[in-house]
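In listed order, ligands and their atoms are each counted from 1. Note that the structure is predicted; figures quoted are calculated from it, not measured.
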Amino acid sequence: MILVTGGAGFIGANFVLDWLAGSDEPVVNLDKLTYAGNLHNLDGLKGDARHIFVQGDIGDSALVERLLAEHRPRAIVNFAAESHVDRSIHGPEDFIHTNVVGTFRLLEAARHYWSALPATEKEAFRFLHVSTDEVYGTLAPAAPAFTEDHRVEPNSPYSASKAASDHLVRAWHHTYGLPVLTTNCSNNYGPLHFPEKLIPLMIVNALAGKGLPVYGDGMQIRDWLYVRDHCSAIRRVLEAGRLGETYNVGGWNEKPNIDIVKTICALLDELRPRADGEKYASQVIYVKDRPGHDRRYAIDARKIERELGWKPAETFDTGIRKTVQWYLDNPDWVANVQSGAYRDWVAKQYEAA
Ligand code: NAD
Ligand code: DAU
């Protein structure tokens, strides 16, 4: 079996669902259930004995050590993190706790467990750390996309905490020989995406008749990848990645934020036209920019393609259509995650908008 951390969040839940749809290998899912963790993401696995959910913190060494001893996983896939840049600007401490200290404790628990494994299990064991392209910082308009050799230059508390965790993972391999793999992926989108992030926020605000808050001039560029393609990349790296290596994962799909917002509006105009005949794009409002906002990210994904034969299955056109349709089909999921805590966050973040 494998141990997945953060498997009730956006990417982790998609990963667990895809894993169990394609294999009978059980998953122990350790998740703290912060505001971003949602057990409803895993409703499809109710009663499925292959999925063992445990609420807990990756920084709780005693708990993690107990889970490792009890379930003897052949791999750990670490998704658990505080993941929202804007929240890291308002309150960085949780990011240090989970992304840095939590990863450190998880690595230590993994090292102790791995060291004591019999030779064949020890050889087969993997620790896969899920990271982000944001560790590389920002790109000038004409600069080549980030390769794995790009300098690490994080600019936000979030990306600095993820870069720190990547360094720890690297050091645990170099110093102790822990068999690690790291993936650095670009912006994901798709089902189960918490509506504090750009794409789901725009969809739910549009449908609720609210403003669509675009930061600054809206010309910041992100490289978007459909979440299930990220999951397939992680499975492939786990299966065949070279130990100690990092693999950049991306969709070759750079787009300015305002284009993303207009695409969502156009899809909603087609799939759920406004009752008053107006276009959703009329709801766009330009708001104060994010402090230290990275201007452009772009991933050079040639290494994972060349070495492991991975390529995304989804184009942006197909992926964004599926995503908008998923939000239209799942109003209960949206209502459920828009709890009191969510409303407090939106009020705080967009109060000046
Ligand atoms: P998310 O915020 O949706 O989910 C994070 C999950 O981790 C939640 O279920 C939360 O409850 C859990 N968690 C938080 N702190 C924990 C702790 N201390 N112990 C155990 N569980 C804890 O995040 P996401 O977007 O699904 O991102 C998952 C991972 O992928 C993160 O490591 C993130 O840095 C990375 N990543 C995200 C993207 C993206 O576009 N979303 C892109 C590249 C990499
Ligand atoms: O690049 C990978 C990263 O992508 C992940 O590591 C992070 O966990 C994930 O949150 C994401 O970070 P971003 O900051 O790029 O994503 P977000 O959806 O917050 O914002 C995308 C872009 O849209 C960014 O340029 C900021 C802008 N934006 C965002 C929000 C929430 C807006 O213009 N308005 C908004 O209301």
Side-chain angles (χ1 to χ4, degrees), residues 4-15 29-39 41-42 54-60 63-64 77-89 94-95 97-99 101-103 105-106 129-136 138 146 154 156 158-159 161-162 165-166 183-190 192-202 205 211-225 227 230 234 249-250 255-258 260-261 284-290 293-299 337 346 349-350 353:
V4 168
T5 72
F10 164 48
I11 306 173
N14 275 287
F15 180 83
N29 184 350
L30 172 64
D31 194 296
K32 190 175 172 183
L33 295 182
T34 66
Y35 77 92
N38 179 2
L39 275 181
N41 291 347
L42 300 159
V54 180
Q55 182 172 7
D57 193 322
I58 56 166
D60 181 344
L63 171 65
V64 176
V77 184
N78 182 32
F79 292 96
E82 290 293 336
S83 71
H84 191 31
V85 174
D86 294 320
R87 285 186 191 254
S88 83
I89 295 168
D94 286 348
F95 290 72
H97 275 301
T98 286
N99 301 2
V101 180
T103 304
R105 296 222 175 112
L106 187 65
H129 179 60
V130 180
S131 193
T132 169
D133 60 357
E134 298 202 12
V135 300
Y136 299 122
T138 189
F146 299 127
S156 72
Y158 163 69
S159 55
S161 69
K162 290 297 289 188
S165 68
D166 293 10
T183 53
N184 292 89
C185 188
S186 62
N187 284 63
N188 285 213
Y189 68 99
L192 310 176
H193 206 180
F194 193 77
E196 65 185 353
K197 308 281 170 68
L198 179 76
I199 288 181
L201 182 82
M202 294 299 153
N205 274 16
L212 307 180
V214 173
Y215 296 164
D217 63 0
M219 291 305 291
Q220 302 83 5
I221 291 174
R222 297 291 181 266
D223 181 352
W224 295 94
L225 181 71
V227 62
H230 186 189
I234 292 169
V249 183
K255 290 198 187 298
N257 292 337
I258 189 64
I260 297 287
V261 175
V284 169
I285 45 169
Y286 287 87
V287 302
K288 193 158 65 71
D289 208 353
R290 171 185 282 175
H293 200 168
D294 284 338
R295 197 70 185 162
R296 176 180 166 234
Y297 303 141
I299 277 284
V337 298
V346 169
Q349 172 66 4
Y350 300 100

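Taken to the nearest 0.5 Å, the CD1 atom of I11 stands 11.0 Å off from the CG atom of L192. Considering CD1 of I221 and CD1 of I258, their distance stands at 13.0 Å, rounded to 0.5 Å. Taking OG1 from T5 and CG from N78, the interatomic distance works out to 3.5 Å, rounded to the nearest 0.5 Å. The distance from atom CG of L106 to atom CD1 of I58, rounded to the nearest 0.5 Å, is 5.5 Å.
Looking at atom 4 (O) of ligand 2, its nearest protein heavy atom turns out to be N187 ND2, 3.0 Å. The single protein non-hydrogen atom nearest to atom 14 (O) of ligand 2 is R290 NH1, 2.6 Å, given as residue, atom name and distance. Protein heavy atom closest to atom 26 (C) of ligand 2, with residue, atom name and distance, is H293 NE2, 3.4 Å. Scanning the protein heavy atoms around atom 9 (C) of ligand 2, the nearest turns out to be S83 O, 3.9 Å. For atom 1 (O) of ligand 2, the closest non-hydrogen atom on the protein side is D133 OD1, 2.5 Å. Annotation: atom 5 (C) of ligand 2 to nearest protein heavy atom, Y158 OH, 3.6 Å. In terms of protein heavy-atom proximity, atom 3 (C) of ligand 2 is nearest to E134 OE2, 2.9 Å. Closest to atom 21 (C) of ligand 2 among all protein heavy atoms lies L198 CB, 3.8 Å.
For a heavy-atom separation below 4.0 Å, the residues in contact with ligand 1 are G6, A8, G9, F10, I11, D31, K32, L33, T34, A36, G37, G56, D57, I58, F79, A80, A81, S83, T98, V130, S131, T132, Y158, K162, C185, S186, N187, N188.
Within ligand 2, the atoms closer than 4.0 Å to a non-hydrogen atom of E196 are 31 (C), numbered from 1 in the order shown. If you number the atoms of ligand 2 from 1 as listed, the ones under 4.0 Å from a heavy atom of V85 come out as 14 (O). Atoms of ligand 2 lying under 4.0 Å from any heavy atom of T132, numbered from 1 in the order shown and given with element: 1 (O), 2 (C), 3 (C), 5 (C), 6 (O). Within the listing of ligand 2, atoms 19 (O) sit less than 4.0 angstrom from a heavy atom of H84. Counting atoms of ligand 2 from 1 in the listed order, those under 4.0 Å from a heavy atom of Y350 are 30 (C), 31 (C), 35 (C), 36 (O).
For the residues Y215, W224, F194, the heavy atom positioned nearest atom 35 (C) of ligand 2 is part of Y215.
Residues that satisfy the side chain to side chain contact (heavy atoms under 4.5 Å, CB included) test with D217, not counting sequence neighbours, are M219, Q220, R295. V337 is linked by a side chain to side chain contact (heavy atoms under 4.5 Å, CB included) to N38, F194, P195, W333, counting only residues two or more places apart in sequence or in another chain. With sequence neighbours left out, the side chain to side chain contact (heavy atoms under 4.5 Å, CB included) criterion links D86 to H84, I89, Y215, R290, W345, Q349.
Counting heavy atoms closer than 4.0 Å to ligand 2, residue L201 contributes side-chain atoms (C-beta onward) but none from N, CA, C or O. Contacts between K197 and ligand 2, counted as non-hydrogen atom pairs separated by less than 4.0 Å, involve both the backbone and the side chain. Counting heavy atoms closer than 4.0 Å to ligand 2, residue N257 contributes side-chain atoms (C-beta onward) but none from N, CA, C or O.
Relative ring orientation between Y297 and F146 is described as tilted, the plane-to-plane angle lying within the 30° to 60° band.
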Go through Y158 and T132 one step at a time and tell me if the side-chain contact (heavy atoms from CB on, under 4.5 Å) criterion holds.
-> CA-CA 10 Å; Y158 163 69; T132 169; 3.6 Å; yes
Using the side-chain hydrogen bond (donor to acceptor under 3.5 Å, both in side chains) rule, take D166 and N184 through it: C-alpha gap first, then chi angles, then the decisive distance, then the call.
-> CA-CA 9 Å; D166 293 10; N184 292 89; 3.1 Å; yes
Test side-chain contact (heavy atoms from CB on, under 4.5 Å) on L198 and W224 and set out the steps.
-> CA-CA 11 Å; L198 179 76; W224 295 94; 4.0 Å; yes
Show your working on side-chain contact (heavy atoms from CB on, under 4.5 Å) between I260 and M202 and close with a plain yes or no.
-> CA-CA 9 Å; I260 297 287; M202 294 299 153; over 6 Å; no
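Y189 does not carry R222 over the face of its six-membered ring by the limits of under 6.0 Å from the centre and within 45° of the normal.
A donor-acceptor pair under 3.5 Å is formed between the side chain of N99 and the backbone N or O of E82.
For ligand 2, none of its N or O atoms has an N or O atom of V214 under 3.5 Å away.
Between the side chains of S165 and H129, at least one donor-acceptor pair of N or O atoms lies under 3.5 Å.
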